[in-house]
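Starting from 1, each residue takes its place in the sequence as its number. Scope of the values below: all heavy atoms of this structure, side chains included, with no hydrogens, waters or symmetry mates.
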Amino acid sequence: MRPEFIAVAAAIVLATATTGFAGDNAPYAGTWDCEVSTFTFTKDTYDSGEGPMPIQKVEKEEGNYILSFPTDTRSACRA
């Protein structure tokens with residue numbers, strides 16, 4: 001097999017295997033007014049009105065997105 005073909009095939013596999021979100025298009029991104037507080041999710045942060053908190057990890061589990069934060073807390077969002 002030619003090295004050029006292997007390099008192109010590897011690039012295609014890497015490009016299609018990426019799980020990141022383009023721009024701010026995370027399925028859970030948005031702002032919700034729950035009358036108690038307004039909650040904002042971006043691809044990288046969560047803000048409950050007290051200032052943005054970085055999202056450390058995102059996992060998809062049975063239609064839910066499980067977000068992990070530096071405070072050792074997790075939140076589930078259905079998108």
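- In this structure the side chain of D47 never reaches within 4.5 angstrom of the side chain of F39, judged on heavy atoms.
- Taking CG from D72 and CD from Q56, the interatomic distance works out to 8.0 Å, rounded to the nearest 0.5 Å.
- Other residues, nucleotides and ligands contribute over 12 non-hydrogen atoms within 6.0 Å of the CG atom of D33.
- Taking the side chain as every heavy atom from C-beta outward, I55 and D44 never approach each other to under 4.5 Å.
- Contact record, F69 with P54: CD2-O, 3.5 Å, taken as the closest heavy-atom pair.
- Under the 4.5 Å side-chain heavy-atom criterion for Ile, Leu, Val, Met, Phe, Trp and Tyr, Y28 and W32 are members of the same hydrophobic cluster.
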Trace of the side chain to side chain contact (heavy atoms under 4.5 Å, CB included) decision for Y46 with S75
CA-CA 10 Å; Y46 161 72; S75 178; 5.9 Å; no

Carefully, step by step, assess M53 and S48 under the rule side chain to side chain contact (heavy atoms under 4.5 Å, CB included).
CA-CA 9 Å; M53 182 183 327; S48 64; over 6 Å; no

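- With contacts defined as side-chain heavy-atom distances shorter than 4.5 Å, the pair S68/E59 qualifies.
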